[in-house]
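Heads up, the thing below is written out as structure tokens.
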Amino acid sequence: MANPVIRDDLSEPIQYDPGAIERKWQRIWQERGTNNTDLQRAQRPFYTLMMFPYPSAEGLHVGNLFAFTGNDIYGRFQRLMGHNVFEPLGYDAFGIHSENYALKVGQHPMDLIPRNISNFRRQLERSGLMVDWRHTLSTTEPNYYKWTQWLFLQLLKQGLAYKKQAAVNWCPDCKTVLANEQVVAGLCERSKTPVEQRLLEQWFFRISDYAPRLLENLDRIDWSETTKTAQRNWIGRSEGADISFKADSVTGGRCEIRVFTTRPDTIYGATYLVLAPEHPLVDGLTKVTERKKVDAYREKTKKQDIITRKTGTDKTGAFTGSYAVNPATRKQIPIWVSDYVLMEYGTGAIMGVPGHDARDFEFATRFDLPIVRVVCGEREDANTPLTSAFTECESGTLVNSGEFDGYSVDAGKRAIVEVLSKSGSATQVVHFRLHDWCISRQRYWGPPIPIIYCESCGTVPVPEGDLPVVLPFIEDFKPDDSGISPLARHEEWYRVACPKCGKTGRRETDVSDTFLDSAWYFLRYPSVGNDDVPFERDITKKWLPVNSYIGGNEHAVLHLLYARFITMVLHDAGMLEFEEPFTRFRAHGHIIREGAKMSKTQGNIVNPDEYIEHWGADAFRTYLMFLGPYEQGGDFRDASISGTRRFLDRLFASAQGMSTTGMPDQSVMRKLHQTIRKVSEDIPRLSYNTAVAAMMEYMNVLRKGERTPHRDEVVPLIPLVSPFAPHIAEELWEQAGGTGSVFDSAWPQFDAALAAEDSIELVVQVNGRVRSRITVSRDINEEAAIAAALADPVVAKFVIGAPKKIVFVPGRLLNIVA
RNA sequence: GCUCGGGUGGCGAAAUCGGUAGACGCGAGGGACUUAAAAUCCCUUGGGACAUACUCCCAUGCGGGUUCGAUCCCCGCCCCGAGCACCA
């Protein structure tokens, strides 16, 4: 054990040299394996996870570092609290982003990505994260995506993967399929060309089967409320009824049109029906006289791209010439076709209730269809004309609704469905807006979907023993006008023997969505190194679910939902004991710079290397955590970093000249324990900015006046700052004679008795306005407080006559109402 | 349009349960040290009134309300950010 450093000559202060200290400790951590976790022998496992980055060519973004540092602090804190913390980090390196960049710079992603990863690794190590690098991974490694392909086969086995025709976004200029995220206002993000729609055969996962569970479980997990809300909205549960309308088909015979509505109470106001243009019943319902118009309309809407259709507001449509019977009114109502009804949602057909739905009102006005009031509020009656749709239902009462007149909206819903269900024309149902997950990508840079098509055997899964289906190195990976994957140009790759019959088959040439790579990576980390299984049973049981997950809220409805879905599927297959992967999730905020968004084009991106070089990683980390509330983000201002650096300078200086004799100052010790309490409370709730502020405050107290701080006043501060500034903490810990790593020491114990103040400042208000502050004993009672307050001349001045009322908040405030 | 955040000094921000508005930091001003500068250290710093002090008034996007007391709760608006968007 080293002796505490005691120096006589303080005139030449030892300079704090972050560069040297950080290099030294990063080397020692590496040599001693300080950041490695013994996963097998850990007694109190704590898995802390951050969303893994996409390793871009530009290098680590300061936003990544902001996120990672917040996670690292939490992990280091848990370690000091006695947990065995596992903090892995890997790379999400497949995907269109990497591919487009590779195309732009004319290099191959297989060359580019390893270079980017090693640059990222260098930057991440430099920033002092407590990452166990023995467990890193990249989604692009065959020994990782082997298991991504395996996962696909498991879903296929469970009947949760299927193939169907679906529309994709197509950019005619880039000659490529685009992800939805790359279509901005109907235009290709890169070339600004209008995006077209193409119909292609695609693989889907039945995530919509899991909608009820994905929704219900949200009540049981400790996640940021904003994230849960986003998922709830995305899953979009709607309670209502499917109602059947009968109509005569043009080919003779009756047919039944099922519509979905959340407002069965308004059925007496349903004056027409609308089918989506793709609805299978449209053909059979279109009269000869109308066929031309209807066909033309369907053709027109088919050509329209997804975006125009979604954002267009002017209602269009065509009349089929047929009529259906409203089961409530028994009246004949016309059947229309319009693209404001979506085939993908509900039953692809609706009943038009123009009086009580804004869109139906617009449609009925446009095509002169009857508008009937069937609900009125407190100020209307059955005959009050409608100038817009009346959608208020809280206070609504049914009118013009036959036997249901006078019912409230809620009672009407129940009663009408009940009556109609007796004749079999209504069923209570729940619909979700969550669609199945399309995982096919007609691109190169992803894991090939492990399927072989055979003329005699059909769709054949690649046997698990043959995995991985290795992504071949090809030069011409640029997508072309054909709308098929670049891999489809390589017969030598896709032409293979059918695993079942041995005849010539053809590989699936699409690759899977990047989001599938990231939907299970947290299961892999603990088992990295074992290539025989995707995740080891025992180690998974010990380490999962993830204790703490931190990431950006932009993934609230994509990655976070997919990861939950995949976990549930594996749970149902008996491979996992839990069905929710992340016990606690917190969304971090985003940082901007000098009030503006950071962007490449604006040239205002913070390069972490330069800042770390200049200020040191510790000061940079501490500043990132100090600049704003972690869960809300903040404004990165270059001029402000000096403040956190100064704090570390002072900390370093204070630790150089500590006195080891005599007793510590009592009021300093009181402040110290108040600081311990504050920091211990702030870190778990990710209130890092206030934790740093509290330590700065303590530093100000410690340095007040011309005194040499006592060892006992300084040493407990070292573990306290260590999560934020790990290198300087290790250095000071060593200097102070600590054994081993500071991270294997203990978090300082808060002593309530030491922190307690004897006297307090009691705020005295008169009529709710602060008039004075008096110093009194901590446990002063009401009478004594009143007496002391009235003795104050300023208070006395405002209290005229006997007080009407006294409000006394012990230890805080006294309010005299005069 | 809907949903979720947010709006507080010159700036980044605090205020954990309805109880001292502006902690902490930056910047700015003044001072000490220095031949000088940097660094460091000390003091001041929301706005206004008063010669000064004591003190008082105003102030948390805007307008109301509840309360002894509102940055915080309620009602009605405005603005900024993010996400979703014809979801019946």
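In the text below, chain A, chain B and the rest are named by the order of the sequence lines, each starting its count at 1.
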In terms of side-chain heavy atoms of [X], which of [options] is nearest?
| X | options | result |
| --- | --- | --- |
| A:S642 | B:A15, B:A88, B:G27 | B:G27 |
| A:T261 | B:A88, B:C86, B:U16 | B:A88 |
| A:L342 | B:A88, B:C24, B:C84 | B:A88 |
| A:D339 | B:C86, B:C26, B:G12 | B:C86 |
| A:T690 | B:A15, B:C11, B:C24 | B:A15 |
| A:R773 | B:U20, B:C24, B:C86 | B:U20 |
| A:Q765 | B:A88, B:G19, B:C26 | B:G19 |
| A:T229 | B:G19, B:U3, B:C26 | B:U3 |
| A:R646 | B:C86, B:G27, B:U55 | B:G27 |
| A:M696 | B:C26, B:A88, B:C24 | B:C24 |

Can you tell me the distance, in whole Å, between the [atom1] atom of [X] and the [atom2] atom of [N]?
| X | N | atom1 | atom2 | value |
| --- | --- | --- | --- | --- |
| A:D242 | B:A88 | CG | C1' | 11 Å |
| A:F647 | B:G12 | CZ | P | 23 Å |
| A:L627 | B:C24 | CG | P | 18 Å |
| A:Y345 | B:A88 | OH | P | 4 Å |
| A:D638 | B:G25 | CG | C1' | 15 Å |
| A:I641 | B:A13 | CD1 | C1' | 16 Å |
| A:E681 | B:A15 | CD | C1' | 14 Å |
| A:D635 | B:G10 | CG | P | 17 Å |

Quote, to the nearest angstrom, the [atom1] distance that separates [N] from [M].
| N | M | atom1 | answer |
| --- | --- | --- | --- |
| B:G22 | B:G31 | P | 28 Å |
| B:A53 | B:C42 | P | 25 Å |
| B:G12 | B:C77 | P | 29 Å |
| B:G27 | B:G81 | C1' | 26 Å |
| B:U71 | B:C62 | C1' | 15 Å |

Is any side-chain nitrogen or oxygen of [X] closer than 4.0 Å to OP1 or OP2 of [N]?
| X | N | value |
| --- | --- | --- |
| A:N700 | B:G25 | yes |
| A:R769 | B:C68 | no |
| A:R433 | B:C2 | no |
| A:K704 | B:C43 | yes |
| A:N689 | B:A14 | yes |
| A:R263 | B:A88 | no |
| A:K597 | B:G81 | no |

### Message
Go nucleotide by nucleotide along RNA chain B from the 5' end; which of A:T262 and A:G633 gets its closest nucleotide reached first?
### Response
A:G633
### Summary
Heavy-atom nearest nucleotide on RNA chain B taken for A:V794 and for A:S238; more 5' hit belongs to A:V794
Contact class for [X] (heavy atom, under 4.0 Å): base, sugar-phosphate, or nothing?
| X | answer |
| --- | --- |
| A:A230 | nothing |
| A:R237 | nothing |
| A:F798 | sugar-phosphate |
| A:E554 | nothing |
| A:N815 | base |
| A:R703 | sugar-phosphate |
| A:R771 | sugar-phosphate |
| A:V770 | sugar-phosphate |
| A:V817 | sugar-phosphate |
| A:E697 | sugar-phosphate |

### Message
Check whether A:Y340 forms a cation-pi arrangement with A:K315 (NZ or CZ under 6.0 Å from the six-membered ring centre, at most 45° off the ring normal).
### Response
yes
Does [N] have a Watson-Crick or wobble partner in any strand here, with both distances under 3.5 angstrom, and which is it?
| N | value |
| --- | --- |
| B:G83 | B:C2 |
| B:A39 | none |
| B:A28 | B:U44 |
| B:G9 | none |
| B:A70 | none |
| B:A14 | none |

### Query
Should the pair A:W223 and A:F585 be assigned to parallel (<30°), tilted (30 to 60°) or perpendicular (>60°) ring geometry?
tilted
### Query
Can B:C57 be described as syn, meaning its chi torsion is within 90° of 0, or is it anti?
anti
### B:G6: syn or anti, per glycosidic angle within 90° of 0
anti
### Query
Counting N and O atoms only, with roles assigned by atom type, does the side chain of A:Y268 sit under 3.5 Å from a partner on the main chain of A:V372, one being a donor and the other an acceptor?
no
### Message
Test your reading of the model: is there a side-chain donor-acceptor pair from A:R650 to the backbone of A:N700, 3.5 Å cut-off?
### Response
no
### Query
Side chain of A:K804, base of B:C68: donor and acceptor closer than 3.5 Å?
no
### Query
Side chain of A:Q632, base of B:G6: donor and acceptor closer than 3.5 Å?
no
### Task
For A:T347 and A:D242, test the side chains for any donor-to-acceptor distance below 3.5 angstrom and give the result as yes or no.
no
#### Entry: Audit row: A:F432, A:S208, side chain to side chain contact (heavy atoms under 4.5 Å, CB included) steps and yes/no
CA-CA 8 Å; A:F432 295 90; A:S208 59; over 6 Å; no
### Task
May I ask you to check whether A:W336 and A:F363 place their ring centers less than 6.0 Å from one another?
yes
### Message
So that I know where these two stand, are A:F636 and A:Y611 an aromatic pair - ring centroids less than 6.0 Å apart?
### Response
yes
### Query
Would you call A:R645-A:D649 a salt bridge at under 4.0 Å N-O?
yes
### Message
I'd like to know whether A:D638 forms a salt bridge (charged side-chain N to carboxylate O under 4.0 Å, His left out) with A:R593, so could you lay out the CA-CA distance, the side-chain angles of the two residues, the decisive distance to 0.1 Å, and finally the verdict.
### Response
CA-CA 8 Å; A:D638 288 37; A:R593 187 179 189 190; 3.0 Å; yes
